[in-house]
> 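Structure below; questions to follow.
Here is the naming used below: chain letters follow the sequence lines, and residue numbers restart at 1 for every chain.
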2 protein chains.
Amino acid sequence: MRVVVALGGNALMQRGAPMTAQNQRVNVAMACTALAPIALEHELVISHGNGPQVGLLALQAAAYDDASAYPFDVLGAQTEGMIGYIIEQELGNRLPFERSIATILTMTEVDPADPAFTDPTKFVGPVYSHDEAHHLAALRGWVVKPDGEHWRRVVPSPKPQRIFEQRTIEALVARGTVVICAGGGGIPTMYLPGTRTLVGVEAVIDKDRASAVFARDLRADTLVIATDADAVYTGWGTPQQRAISIAHPDALAKMDFAAGSMGPKVEAAIEFTLGTGNDAVIGSLADLPELLAGTAGSRVSMAAKGVAYHALPTAVVQDETAIIT
Amino acid sequence: MRVVVALGGNALMQRGAPMTAQNQRVNVAMACTALAPIALEHELVISHGNGPQVGLLALQAAAYDDASAYPFDVLGAQTEGMIGYIIEQELGNRLPFERSIATILTMTEVDPADPAFTDPTKFVGPVYSHDEAHHLAALRGWVVKPDGEHWRRVVPSPKPQRIFEQRTIEALVARGTVVICAGGGGIPTMYLPGTRTLVGVEAVIDKDRASAVFARDLRADTLVIATDADAVYTGWGTPQQRAISIAHPDALAKMDFAAGSMGPKVEAAIEFTLGTGNDAVIGSLADLPELLAGTAGSRVSMAAKGVAYHALPTAVVQDETAIIT
């Protein structure tokens with residue numbers, strides 16, 4: 001079986017903890033303990049987020065001088081190296097001696113005509129006062145928007161079209177190499193309109209959407225989106241909250257999820273399942289064997305009928321519109 | 001023909017220029033203009049230095065806070081991502097549309113018993129006063145040494161033993177992919193003595209020596225070490241200076257070159273040629289076609305007899321101990 005696992009932010013860094021190299025390593029080590037058994041049994045490709053890491057590198061650069069304040073494509077490339085290295089080393093230490101693992105620098109193509117470029121919405125970096133934010137916007141060419149009572153920089157989050165290194169990744173997977181790629185959704189790049197010149201873009205790409213794109217093109221059997229939550233919930237935070245066990249992509253597409261957090265994961269899972277006919281699963285990395293076995297998390301499947309929910313503690317029950325699968 | 005080109009620092013950054021992303025890109029673009037014709041004709045693997053980039057990232061991190069002052073292995077991984085990305089993109093823009101190029105994160109094994117660990121000698125980062133240097137040494141566990149009238153941090157520069165991603169690199173080269181790897185000599189790693197646990201090391205690896213190691217293991221036909229100088233000189237800076245045209249590795253090994261600059265390049269070239277029987281060439285990247293054709297630079301070859309020198313302007317003449325080849 002060919003499995004793609006997209007690691008969420010908390011698999012790499014505990015929220016709020018200082019982002020030291022050691023803290024990152026401890027968290028990655030836990031993720032790799034979950035991933036290693038999968039690598040023993042299946043073809044495995046690992047992607048990962050990079051939001052907090054890019055934020056930190058941007059702050060470091062700005063603290064030093066303005067000249068070295070690198071654009072997002074270059075910062076993204078740095079984090080692909082850093083995070084990829086730590087995953088490669090920690091996973092290697094949990095696999096049979098010198099199992100082949102490769103971290104592939106990944107560029108993702110975006111469309112210059114993507115509407116995200118005319119209306120950037122993704123908050124990045126620290127909060128500022130109104131005056132600071134507008135000063136920095138003028139100085140560095142940023143777009144800034146209010147975020148609650150503060151102001152922050154916003155950048156576009158265009159839709160990933162494809163991964164340039166797709167065939168390289170596929171060739172390595174086919175020969176038994178565990179591949180780490182598409183960190184941070186891949187480095188955002190585009191062809192300058194009317195040319196064959198590829199350039200970096202000041203943007204961020206959703207890593208789950210990028211993972212769905214390359215998992216589809218890899219014809220993966222399963223896409224696992226590993227996150228903080230043990231499943232996708234309806235009525236999250238209300239007394240009526242229920243964990244989805246399995247859902248048909250069409251049924252899931254009719255439901256609403258938080259735009260900034262679960263929404264893109266659900267969209268990515270739907271896109272993968274509709275594009276391949278294969279299942280996507282959203283859940284906690286700690287449950288990885290169960291996510292693959294279909295006994296934990298939320299599975300998006302063409303074989304599902306409507307939406308079914310987990311009962312507490314473990315059984316699956318039917319809701320008013322769904323059929324147990 | 002399978003060619004490995006090791007790019008020196010000046011191929012990536014002009015000395016003294018501010019290390020902005022744009023300056024890096026301009027320099028890499030020039031290097032890629034030289035590399036592109038080689039990629040059209042031959043199997044090509046590119047390695048590169050990272051000294052100034054690691055230095056800058058370390059300063060950025062230190063300017064922000066102490067918690068995020070990452071060790072050299074992590075900083076090296078960041079620069080492999082950053083520099084690899086810029087090379088991959090700029091080279092791709094100079095090759096036929098979407099020629100396969102891959103940047104492979106590279107870890108290099110070093111020996112924990114390497115004598116470099118007991119006597120670190122490689123200066124890294126900025127200069128400090130005696131007091132500053134010793135304060136930082138106590139604070140961060142650095143070893144510091146005098147460098148002229150200033151003090152600087154020193155780290156070990158152990159001998160590279162092998163590249164962990166060797167087989168991945170070879171598989172990709174064999175299928176026609178241009179591979180970028182072993183940036184900064186590869187991330188220094190070692191097995192903790194008596195274990196199979198691989199860890200990062202606070203060290204730097206000479207990128208030319210690392211390139212010689214993986215070029216040997218790749219059975220490259222030619223190793224090109226691209227540098228500032230158009231050739232290896234004897235009597236450099238004296239009225240007697242002469243550019244070596246071709247030399248047998250044994251003859252070259254008897255000569256003295258500057259320990260910090262040309263010495264390691266000459267050693268790397270000798271090691272590659274003795275290890276493979278194939279030629280290594282040291283010279284300017286701008287002369288790349290001529291370096292490969294044998295009409296520029298300094299060639300290290302088992303076929304050479306003694307040492308022969310370039311005459312001005314172009315011919316090769318025999319010195320008192322050498323035979324024209």
Side-chain angles (χ1 to χ4, degrees), chain A residues 18-25 56-57 59-65 67-71 73-86 88-90 92-93 97-98 100-107 164-165 167-169 171-172 175 177 180 183 187 189 195-200, chain B residues 18-25 56-57 59-65 67-71 73-86 88-90 92-93 97-98 100-107 164-165 167-169 171-172 175 177 180 183 187 189 195-200:
Chain A
M19 213 183 312
T20 61
Q22 187 53 28
N23 279 351
Q24 291 189 62
R25 194 175 277 281
L56 178 66
L57 294 188
L59 287 173
Q60 289 177 354
Y64 182 62
D65 69 1
S68 60
Y70 292 156
D73 58 331
V74 173
L75 294 175
Q78 287 183 22
T79 64
E80 286 195 353
M82 174 173 75
I83 301 168
Y85 161 60
I86 302 175
E88 183 170 331
Q89 198 174 68
E90 293 296 332
N93 283 338
F97 192 57
E98 302 204 348
S100 174
I101 312 176
T103 304
I104 308 296
L105 187 95
T106 310
M107 301 190 292
F164 281 98
E165 295 78 3
R167 281 174 302 168
T168 297
I169 294 165
L172 292 176
R175 65 186 286 280
T177 298
I180 301 158
I187 304 162
T189 57
T195 76
R196 289 184 164 189
T197 300
L198 193 68
V199 297
Chain B
M19 212 183 312
T20 61
Q22 187 52 29
N23 280 350
Q24 291 189 62
R25 193 174 278 280
L56 178 67
L57 295 187
L59 287 173
Q60 289 177 355
Y64 182 63
D65 68 2
S68 59
Y70 292 156
D73 59 331
V74 173
L75 294 175
Q78 287 184 21
T79 65
E80 285 195 355
M82 174 173 75
I83 301 169
Y85 161 60
I86 301 176
E88 182 170 331
Q89 199 175 66
E90 293 296 332
N93 284 338
F97 192 57
E98 302 203 349
S100 175
I101 312 177
T103 303
I104 307 296
L105 187 96
T106 311
M107 301 190 293
F164 282 98
E165 295 79 2
R167 281 175 300 167
T168 296
I169 294 165
L172 292 176
R175 65 185 286 281
T177 298
I180 301 158
I187 304 162
T189 57
T195 76
R196 290 185 162 187
T197 300
L198 192 68
V199 297

> Does any backbone or side-chain atom of B:I101 lie under 4.5 Å from a heavy atom of chain A? Answer side chain, backbone, both or neither.
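Contact with chain A is through the backbone of B:I101 alone.
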> Give me the atom names and distance for the closest heavy-atom approach of B:A171 to A:R175.
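Answer, listing the atom of B:A171 first, then A:R175: CB-NE, 3.5 Å.
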> Between A:L59 and chain B, which part of the residue has a heavy atom less than 4.5 Å away: side chain, backbone, both or neither?
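Both the backbone and the side chain of A:L59 come within 4.5 Å of chain B.
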> Can you tell which of A:T79, A:V74, A:T103, A:L198 has the highest number of heavy-atom pairs within less than 4.5 Å of chain B?
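Ranked by heavy-atom pairs under 4.5 Å with chain B, first place is A:L198.
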> Flag the pair A:I104 / B:I104 as yes when at least one side-chain heavy-atom distance between them is below 4.5 Å, and no otherwise.
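SC-SC contact between A:I104 and B:I104 confirmed.
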> With heavy-atom distances below 4.5 Å as the criterion, would you say the side chains of A:R196 and B:E98 are in contact?
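No - every pair of side-chain heavy atoms lies 4.5 Å or more apart.
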> Please flag which part of A:L75 lies under 4.5 Å from any non-hydrogen atom of chain B: side chain, backbone, both or neither.
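Neither; nothing under 4.5 Å.
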> If you look at every heavy atom in B:L105 and A:G81, which pair is closest and at what distance?
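It is CD1-O, 3.4 Å.
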> Are any side-chain N or O atoms of A:N93 and backbone N or O atoms of B:T197, one a donor and one an acceptor, separated by less than 3.5 Å?
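Checking the backbone N and O of B:T197 against the side chain of A:N93, no donor-acceptor pair under 3.5 Å is found.
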> Counting only non-hydrogen atoms closer than 4.5 Å, does A:E90 touch chain B with its backbone (N, CA, C, O), its side chain (CB onward), both, or neither?
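Neither the backbone nor the side chain of A:E90 comes within 4.5 Å of chain B.
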> Is chain B contacted by the side chain of A:I187, its backbone, both, or neither, given a heavy-atom distance below 4.5 Å?
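Interface part for A:I187: side chain.
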> Find the one option among A:T195, A:T189, A:L172, A:T177 whose heavy-atom pairs under 4.5 Å with chain B are most numerous.
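Top option by heavy-atom pairs under 4.5 Å: A:L172.
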> What part of A:D73 gets within 4.5 angstrom of chain B, counting heavy atoms only: side chain, backbone, both, or neither?
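When you check distances to chain B, atoms from both the backbone and side chain of A:D73 fall under 4.5 Å.
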> Answer yes if the side chains of B:Y70 and A:Q24 hold a donor-acceptor pair under 3.5 Å, and no otherwise.
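Their side chains do contain a donor-acceptor pair, which is all the 3.5 Å distance test asks for.
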> I'd like to check A:Q78 versus B:L57 (side-chain heavy atoms, cut-off strictly below 4.5 Å). Are they in contact?
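Sidechains of B:L57 and A:Q78: in contact.
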> Top residue by heavy-atom pair count (under 4.5 Å) with chain A, among B:G200, B:G76, B:G84?
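The answer is B:G200.
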> Is the shortest side-chain heavy-atom distance between A:L56 and B:Y64 below 4.5 Å?
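Contact flag for A:L56/B:Y64 side chains = yes.
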> Find out whether A:Y85 and B:T106 are in side-chain contact, i.e. whether some heavy atom of one side chain is under 4.5 Å from a heavy atom of the other.
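Side-chain contact under 4.5 Å: no.
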> Go through A:A102, A:A63, A:A77 and name the one with the most non-hydrogen pairs under 4.5 angstrom from chain B.
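Top count of heavy-atom pairs under 4.5 Å with chain B: A:A77.
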> Pick whichever of B:Q89, B:E88, B:R167, B:E165 has the most heavy-atom pairs under 4.5 Å with chain A.
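Most heavy-atom pairs within the cutoff with chain A belong to B:Q89.
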> Who wins among A:E80, A:Q22, A:M107 for the most heavy-atom pairs under 4.5 Å with chain B?
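Most heavy-atom pairs under 4.5 Å with chain B: A:M107.
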